[in-house]
Structures are given as structure tokens and as C-alpha cells.
Amino acid sequence: MKQKEKYVFDPHGAHPHDAYAQFAKELGGTWDGQELKIKTDWCKIEGYSFEFLNEFIIAILGMESDRPIMTRHSSLSKEKTITIRLGLGATYKSNGTVKKFNNAGILILNSTQIHDFEFPAGEWSQWVSIRFSLNFFRKFAGDKKFKLKELFENDSPWINYYSQNAEIESRVRALIKNLDKENRKHTFFFTKAMEIVELLKGKIENDADKFKSNIHPEDLKLMLELRDTHLSDFTEIPNLTELSDKYGMSVSKLNRLFKSIFDKPILQFYNQQKLEEAHRQIVYTNKSLTEIAIDLNFSHVGHMSSSFKNHFGYAPSALKGKHMDYLS
């Protein structure tokens with residue numbers, strides 16, 4: 001079946017809330033200053049966004065469509081801003097089946113990085129976005145030097161990717177869960193978002209060796225597409241020869257380009273994401289280890305367990321029976 005034509009939206013550097021209003025107008029939806037609702041015969045988009053102190057925005061967005069949707073950021077905003085985009089893994093259906101994961105991980109970029117985000121057709125995508133001005137961050141950061149501050153104050157265009165961890169993901173899930181709690185929405189969103197920034201500070205201090213800057217927008221677009229389109233199905237190992245042919249470059253060049261953004265060559269990244277998805281399913285579902293190993297295409301549960309322990313430092317059995325609820 002021929003894929004339907006891609007829908008492209010470019011806010012041209014507008015404030016996010018002005019962009020939501022424009023988006024709703026284009027597709028016949030509504031934006032009331034906090035809630036975005038769009039429903040057409042080909043897409044469903046819903047979101048909530050709250051602004052604090054005119055400089056700090058927390059948004060939760062979700063979308064599903066029968067064609068790809070691209071948000072294009074081709075114009076720079078007037079003020080220097082930082083955006084932290086946090087995605088979740090698989091959406092768990094009530095009958096226990098698992099959809100492909102998408103948007104897992106953390107992307108951080110500054111307002112001088114031209115970029116596109118493309119959302120695949122037929123997948124429910126959901127993420128949390130935290131956006132704030134550099135001046136706002138400086139008010140809270142103080143004079144002490146640390147890696148996150150060094151990154152934010154880098155004036156060159158940059159984007160950095162980090163994997164999720166349990167502490168950050170639990171807060172992302174808490175934000176999504178508490179959308180319907182009107183009496184706590186605003187203060188809850190602000191405090192949980194600030195907790196995420198603080199946890200990210202600690203994570204980067206421990207994990208980051210160097211930051212990625214001056215990435216060509218077309219390279220970024222291609223590698224994000226590769227990640228979201230070809231590394232989101234754990235039932236089939238990526239075929240590097242086929243990917244090389246598709247993107248018109250040698251396997252070694254493709255791996256170098258992918259690593260320049262995601263820190264690891266393609267198969268290493270894929271295997272890490274697979275183990276993190278196993279961790280996610282152990283924590284947030286009632287599936288057995290054998291079911292998870294089968295669903296994620298491990299050769300057997302022992303293979304998953306040994307790989308899991310090598311990566312996380314403890315066996316997956318240590319997590320069973322300790323399901324983490326959303327933070328309330």
C-alpha cells in the first residue's frame with residue numbers, strides 16, 4: 001500500500017503556544033491556551049501545555065495518524081532557549097500485547113539547532129517537552145560549574161541524546177498520569193519538571209564525555225528517521241547492508257554518522273535500547289521474563305538475563321514483583 005503524503009508543519013520560530021494555535025487552525029482543531037485538541041479523518045492529536053514565569057513551559061503531547069507528520073523547525077526563536085524532549089517506550093494495551101516502542105530516550109537541543117521531528121504513521125507517539133530560556137536556567141543554576149550548565153551555555157547549534165533511566169522515566173509517567181488532576185496540575189507539573197532537570201544534571205555529570213555541536217540539520221534528520229523507523233521493532237535485527245543501500249553510504253560511514261549523534265554505532269544502540277525496553281516491561285507490566293524474552297526476540301530467557309545483568313549490573317529477576325507505580 002502506498003504511503004500517504006507527509007504532513008509538514010513549520011511554526012517558523014513562534015512561541016510554542018502560538019505554534020499550537022497555528023497547528024490547531026490548520027487542522028480544524030482547538031487550542032484554549034492550555035489544551036490542544038485535533039481530530040480529523042486521518043489524525044488524532046492531543047496535548048496540554050503550561051507556562052510558568054513566562055519562561056518555563058511543560059507540555060505533554062500525543063499523536064497518531066495514518067500518514068507521517070513532520071514538525072519542521074527551520075527558523076530560530078528570538079530568545080535563546082533549551083528544549084528537553086522525553087519520550088516513553090512501548091504503549092501497553094489492555095490485552096497485554098505490546099506495540100512498537102517509539103520516541104524512547106531524551107533529546108536536548110538549543111534554539112540555534114535547525115531540526116525536524118518526524119512521527120511515523122500508524123504509531124501512537126507520546127512525549128513530554130520541557131522548554132525554558134537560558135536566562136531562566138541561569139537564575140537557578142548559580143555560579144558552580146557543571147556539565148549541564150556548560151552544555152546549555154554553548155552558543156553553537158547542538159543536540160544531544162541520552163537514554164532514559166528509571167528515576168527520570170517515573171517522573172515522565174507521573175506527569176502523564178496526573179493530567180486529569182485539575183487541583184494539582186500546575187504546581188505538580190512545575191515541581192516534577194524541575195526534578196527531571198535536576199536528575200538530568202546528575203545523569204550527564206556521570207555519563208557525558210563530550211557534547212555534540214554543529215550537527216548538519218540534514219544529517220540529524222536522517223539519523224532520527226533511521227532510529228525511529230528502523231530501530232523500533234525488536235522482532236527483527238537491523239540489516240546494516242539494507243540500511244547502507246537506503247541511505248546511500250557505506251556501513252562504516254553510516255555507523256560514524258549515527259554514532260556522532262547517538263554515541264554508539266547502530267547495532268550497539270539497538271541492543272542497548274532492547275535491554276532498556278526489557279527493563280521497562282519488567283517494571284511496568286506483569287509479563288513473565290520468558291514472555292518478555294520472546295516478545296523482544298532474545299534467543300532464550302537466559303540470554304536476556306545475562307545480557308541484562310551485564311548492562312545494568314543486576315539480574316532482571318531482582319525487579320520482578322517490585323513494579324514501580326507512577327509517582328503520585
Side-chain angles (χ1 to χ4, degrees), residues 11 13-19 48-61 73 75-88 103-115 117 127-176 178 184-215 220 260-263 327:
H15 183 283
H17 289 185
D18 293 332
Y48 298 84
S49 184
F50 309 101
E51 185 168 15
F52 302 89
L53 306 173
N54 296 315
E55 294 183 283
F56 191 88
I57 298 173
I58 303 101
I60 291 90
L61 295 162
H73 301 267
S75 302
L76 304 181
S77 59
K78 295 179 181 178
E79 185 178 27
K80 287 186 178 179
T81 60
I82 309 297
T83 299
I84 303 172
R85 189 173 181 277
L86 306 109
L88 292 178
N103 300 308
I106 305 166
L107 282 171
I108 315 175
L109 64 155
N110 68 1
S111 53
T112 62
Q113 177 67 59
I114 302 298
H115 64 283
F117 283 130
W127 67 99
V128 168
S129 177
I130 303 171
R131 180 185 185 269
F132 47 86
S133 69
L134 183 57
N135 286 333
F136 177 89
F137 175 77
R138 284 170 171 159
K139 293 175 186 176
F140 289 87
D143 297 327
K144 188 176 180 180
K145 292 183 179 180
F146 50 89
K147 288 184 178 180
L148 189 65
K149 185 178 181 183
E150 177 189 342
L151 173 64
F152 288 175
E153 293 186 338
N154 184 334
D155 288 332
S156 64
W158 54 260
I159 185 167
N160 279 259
Y161 170 85
Y162 303 94
S163 62
Q164 286 273 24
N165 62 26
E167 291 79 12
I168 292 175
E169 182 167 332
S170 68
R171 286 157 176 82
V172 173
R173 291 177 178 270
L175 287 170
I176 293 171
N178 283 275
R184 354 176 356 189
K185 187 179 293 180
H186 290 84
T187 55
F188 185 86
F189 268 47
F190 183 77
T191 55
K192 281 290 172 277
M194 291 298 286
E195 286 177 20
I196 288 171
V197 175
E198 187 64 25
L199 287 167
L200 192 55
K201 172 186 170 183
K203 178 178 176 58
I204 290 175
E205 202 67 26
N206 294 327
D207 292 354
D209 294 321
K210 61 180 181 178
F211 302 128
K212 314 296 189 305
S213 61
N214 294 305
I215 296 172
L220 176 60
S260 72
I261 298 170
F262 295 109
D263 287 324
L327 297 181

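Atoms considered below: every heavy atom in the structure, side chains included; atoms not considered: hydrogens, waters and symmetry mates.
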Mind listing the side-chain donor-acceptor pairs of residues 134-142 below 3.5 Å, one per line with the distance, residues two or more places apart or on another chain?
unit_1	atom_1	unit_2	atom_2	d
Arg138	NE	Glu153	OE2	3.1
Lys139	NZ	Glu55	OE1	2.9

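- Between Gln113 and Ile159, the shortest heavy-atom distance links the atoms OE1-N, 4.1 Å.
- The CD1 atom of Ile261 lies 12.5 Å from the OH atom of Tyr161; values are rounded to the nearest 0.5 Å.
- Every residue two or more places apart in sequence or in another chain that forms a side-chain hydrogen bond (donor to acceptor under 3.5 Å, both in side chains) with Ser49 is listed here: His17.
- Between the side chain of Trp158 and the backbone N or O of Leu151 there is at least one donor-acceptor pair closer than 3.5 Å.
- What you find for Ala174 and Asn178 is that their closest heavy atoms are O-ND2, 2.8 Å.
- The backbone N or O of Lys147 sits less than 3.5 Å from a side-chain atom of Glu205, completing a donor-acceptor pair.
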Give the intermediate values and the outcome of side chain to side chain contact (heavy atoms under 4.5 Å, CB included) for residues Ile204 and Ile108. CA-CA 11 Å; Ile204 290 175; Ile108 315 175; 4.0 Å; yes
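- Screening Ile57, Ile58, Ile82 for a side-chain contact (heavy atoms from CB on, under 4.5 Å) involving Phe132 leaves a single residue, Ile82.
- Partners of Asn54 according to the side-chain hydrogen bond (donor to acceptor under 3.5 Å, both in side chains) rule, which considers only residues two or more places apart in sequence or in another chain, do not exist here.
- Each of Phe56, Phe189, Phe188 was checked for a ring pair (Phe, Tyr, Trp, His ring centres under 6.0 Å) with Phe50, and the lone residue meeting it is Phe189.
- Scanning for salt bridge (charged side-chain N to carboxylate O under 4.0 Å, His left out) contacts around Asp143 gives an empty result, with sequence neighbours left out.
- How far CD1 of Ile60 is from CH2 of Trp127: 11.5 Å, rounded to the nearest 0.5 Å.
- From Phe190, atom CZ reaches atom CG of Leu175 across 12.5 Å, with rounding to the nearest 0.5 Å.
- By the 4.5 Å heavy-atom criterion applied to side chains, Ser129 and Thr83 are counted as neighbours.
- Residues Ile114 and Leu220 come closest through the heavy atom pair O-CD2, 4.2 Å.
- The side-chain contact (heavy atoms from CB on, under 4.5 Å) test applied to Ile168 returns Leu86, Ile106, Gln164, Asn165, Val172, Ile196, Leu199, Leu200, Lys203, not counting sequence neighbours.
- The distance from the NE2 atom of His15 to the CD atom of Glu79 is 9.0 Å, given to the nearest 0.5 Å.
- You'll find the side chain of Asn110 stays beyond 4.5 Å of the side chain of Asn154, heavy atoms only.
- Salt bridge annotation for Glu195-Lys192: present, with a cationic side-chain nitrogen under 4.0 angstrom from a carboxylate oxygen.
- With respect to Arg173 and Glu169, a salt bridge is recorded, a charged nitrogen being found less than 4.0 Å from a carboxylate O.
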